[in-house]
Amino acid sequence: MKAAGHRPYGRAFERTGSLETIRAEFAEGRSVRAAGRVVQIREMGKSSFAHLQDGTGKFQIYLQKNALGDESFAAFKAVDLGDFIGVEGELFTTRTGEPSIKVQRWELLAKSLHPLPEKWHGLQDTELRYRQRCLDLIANPHVRRVFDTRSRLLSYLRRELEARGYFEVETPVLQSLAGGAIAEPFQTYYNALGQSMFLRIAPELYLKRLMVGGYDKVFELGKNFRNEGLDRSHNPEFTALEIYEAYADVRGMMKLIEELISGAALELFGTCRVGREDQEPVDLTPPWRVVTYHDLLREHADRDWFERPLEAVRDWARGKELDIPDDMTHAQITHEVYDKLIERTLWQPTFVTRLPAELVPLAKRCEDDPVLVDVFELVVRGRELAPGYTELNDPLDQRARLLEQSGGDAGKLDEEFLRSLEHGMPPAGGMGIGIDRLVMILTGEESVREVMLFPQMKIRQPRPEEPPAE
RNA sequence: GGAGGCGUAGCUCAGUCGGCAGAGCAGCUGACUCUUAAUCAGUAGGUCGUGGGUUCGAGUCCCUCCGCCUCUACCA
């Protein structure tokens, strides 16, 4: 093509507007300049129809031999599906009523060297869709809509939090101690300092140090990394929104998350009922159900669950085909029952409150029962979406609880964090929202890979590429 | 990490009992100046994921490895 004197990759092309703008501002006979990827061509001898596609939509163009001239019309025959072109022409309506551009001039903006996926079935192969997401986005419009929803959600959350007086901050991703959660970190090495480093598993400890430093209302929206298995609800890197507010507690966080998520659904879809047609819808209209961990056990397992002896609850759990080793404690069996039997039944948004303290080392104990902590776990569609706490600000209790969690190994404690608490952290409420899972709920997707543009894939030995034919 | 399923043309998929490797779309050639999954005629396209085995003969049966999906474990 280059040899024939053509330029396969063009420069900037001034457009009247996006294809959607042109459709919205349609006027018979108006001159417009438009550009996009050619996704359909229908040749009819001395005239051709084609559809252009850009980030906003599709628009039909019409080319006639006697309007373009022999040379330009003949050159269009070399345009393949997938090429980008720019056109100039007049808007008109076809006999079948479709708004179109009658092209007077066109130019090639970028040549595509590979064929597009099939027009009718699109790209179905899941592996190809994730590995070559660009093709997935071109061929499957509903995929693009999921990521538009994700982008609008992030934008809404930032706007809303800013409007409510929360301050966005960024804290280290590279940490010398990965704290703030119980999870296996990714490890790396920093040459200049000669020390090993971790990718963060949560920003929590840094955000609390900011509370000590006087930030009353902060949030961070960013990636966390966990060196664990991957399945349809886990990706090694994922996005979390953490929010902290001084002088508040877990109840303030419950109100805030209800308003943020139901507000997002209304903003994005105009309704609080979300999900796909083939699923039971999730109704995000507040107020959401609030139920204590203990009441759930009494409701689903046994009214006297917490009074029953260890043998009785063990037999009950084994009767439900749970794998219960002999050395499991009452509390561990209880959590196994919650995890395996109860949580997955909570389809509509539910705050599970007053959890056992050993499950949540960074939360404050309940005033009326120090065995429990003043927290919620928001469960939607049978899966945990967001935890929220009344934050622990007692440095002595915090040190004791972290020590207990680390199995008594004082070397694993984050002394800088503990020291900052000793300077006094105001009482506070805090929470973390799993953004990927929130997008799954809002879009009805069942796999986290469907809401991440580039999910983690195992490396594949690349086949030797043939040089593209010219 | 463990168990199961899947892998055939660029894409979407057939392929029966082990007996010549198939279709539609995309591609290429030709016809057609309002089509829209355009239509019509013709044509080309394959390391059947990889490596081995059984067999006169393997896309098909057996084993190995690779990748993806689902469940499970760890976890949010």
Distance between the [atom1] atoms of [N] and [M], in whole angstroms?
N	M	atom1	result
B/G2	B/A73	P	15 Å
B/G7	B/U12	P	13 Å
B/G51	B/U43	C1'	36 Å
B/A9	B/G15	C1'	14 Å
B/U60	B/U16	P	11 Å
B/C65	B/A23	P	36 Å
B/U8	B/G49	C1'	10 Å
B/A58	B/U54	P	11 Å

Would you mind telling me which of [options] lies closest to the side-chain atoms of [X]?
X	options	value
A/Gln64	B/C68, B/C25, B/U33	B/U33
A/Ser447	B/C34, B/U70, B/A73	B/U70
A/Glu384	B/A76, B/C68, B/U72	B/A76
A/Trp120	B/A37, B/C11, B/C68	B/A37
A/Lys46	B/U72, B/A76, B/C32	B/C32
A/Arg232	B/C71, B/A76, B/A26	B/C71
A/Arg226	B/A76, B/G67, B/C11	B/A76
A/Phe49	B/U72, B/C69, B/C34	B/C34
A/Glu228	B/C11, B/A76, B/G10	B/A76
A/Arg131	B/C68, B/A76, B/U33	B/C68

Which part of the nucleic acid, if any, lies within contact of [X], taking any heavy atom under 4.0 Å across all strands shown: a base, the sugar-phosphate backbone alone, or nothing?
X	result
A/Asp339	nothing
A/Glu184	nothing
A/Gly432	nothing
A/Ile182	sugar-phosphate
A/Thr94	base
A/Leu128	sugar-phosphate
A/Asn224	nothing

In whole angstrom, what separates [X]'s [atom1] from [N]'s [atom2]?
X	N	atom1	atom2	result
A/Asp231	B/U72	CG	P	9 Å
A/Gln456	B/G67	CD	P	13 Å
A/Glu118	B/A9	CD	P	14 Å
A/Met457	B/G7	CE	C1'	15 Å
A/Lys77	B/A31	NZ	C1'	10 Å
A/Ile459	B/G67	CD1	C1'	12 Å
A/Lys58	B/U35	NZ	P	19 Å
A/Gln132	B/G67	CD	C1'	14 Å

Legend entry - Donor-acceptor under 3.5 Å (A/Thr56 side chain, A/Glu20 main chain):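 Yes, because the side chain of A/Thr56 sits within donor-acceptor range (under 3.5 Å) of the backbone of A/Glu20.
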- Task: Decide whether a cation-pi geometry holds between A/Lys102 and A/Tyr62; the criteria are a distance under 6.0 Å from NZ or CZ to the six-membered ring centre and an angle within 45° of the ring axis.
- Result: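 Not flagged: A/Lys102 not positioned over aromatic ring of A/Tyr62.
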Between A/Arg209 and A/Tyr206, is NZ or CZ placed under 6.0 angstrom from the six-membered ring centre and within 45° of the ring axis?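 Judged by the rule, A/Arg209 and A/Tyr206 form a cation-pi pair.
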- Item | Under-4.0 Å salt bridge between A/Glu184 and A/Arg226 |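 Salt bridge flag = no for A/Arg226 with A/Glu184.
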Quick test of your reading: applying side-chain hydrogen bond (donor to acceptor under 3.5 Å, both in side chains), list the pairs with at least one residue in residues 134-146 of chain A, sequence neighbours left out, ordered by first then second residue.
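side-chain hydrogen bond (donor to acceptor under 3.5 Å, both in side chains) check on residues 134-146 of chain A returns A/Arg129-A/Asp136, A/Arg133-A/Asp136, A/Asp136-A/Asn140, A/Arg144-A/Asp148.
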(request) Report the residue from A/Leu207, A/Thr171, A/Val169 that forms a side chain to side chain contact (heavy atoms under 4.5 Å, CB included) with A/Glu242. (result)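 Option passing the side chain to side chain contact (heavy atoms under 4.5 Å, CB included) with A/Glu242: A/Leu207.
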Taking for each residue the nucleotide of RNA chain B with the nearest heavy atom, is it A/Pro236 or A/Leu123 whose nucleotide lies nearer the 5' end?
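Going by which nucleotide is closer to the 5' end, it is A/Leu123.
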Check your understanding: Can A/Arg42 and A/Gln60 be said to form a side-chain contact (heavy atoms from CB on, under 4.5 Å), step by step?
Key -> CA-CA 11 Å; A/Arg42 293 174 293 280; A/Gln60 180 169 267; 2.9 Å; yes
* Asked: Side-chain contact, heavy-atom cut-off 4.5 Å: A/Leu402 with A/Asp414?
  ->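 In short, these two side chains do not touch, never coming nearer than 4.5 Å.
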Has the side chain of [X] got a donor or acceptor that lies under 3.5 Å from a partner of the other kind on the base of [N]?
X	N	value
A/Gln124	B/U12	no
A/Asp125	B/U12	no
A/Gln60	B/U35	yes

Quiz item: If we ignore angles and hydrogens, is there a donor and acceptor under 3.5 Å between the side chains of A/Thr93 and A/Glu28?
Solution: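 Present: a donor and an acceptor within the cut-off.
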Going by the rule ring-ring contact (aromatic ring centres under 6.0 Å, His included), which residues pair with [X] if we only count those two or more places apart in sequence or in a different chain?
X	result
A/His294	A/Phe306
A/Trp288	A/Phe351
A/Phe76	A/Trp106

* To do: For residues A/Tyr338 and A/Tyr293, establish whether the separation of their ring centroids is below 6.0 Å.
  =>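 Yes.
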The contact string for nucleotides 38-49 of chain B, one letter per nucleotide 5' to 3', using protein heavy atoms under 4.0 Å with B, S and - for base, sugar-phosphate only and none, comes out as B-----------
Determine the stems involving RNA chain B; a stem requires 3 or more consecutive pairs of the Watson-Crick or G-U wobble kind, each with both distances below 3.5 Å, and the answer is none if no such run exists.
->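 B:1-7 with B:66-72, B:10-13 with B:22-25, B:27-31 with B:39-43, B:51-53 with B:61-63 - these are the stems of 3 or more pairs that involve RNA chain B.
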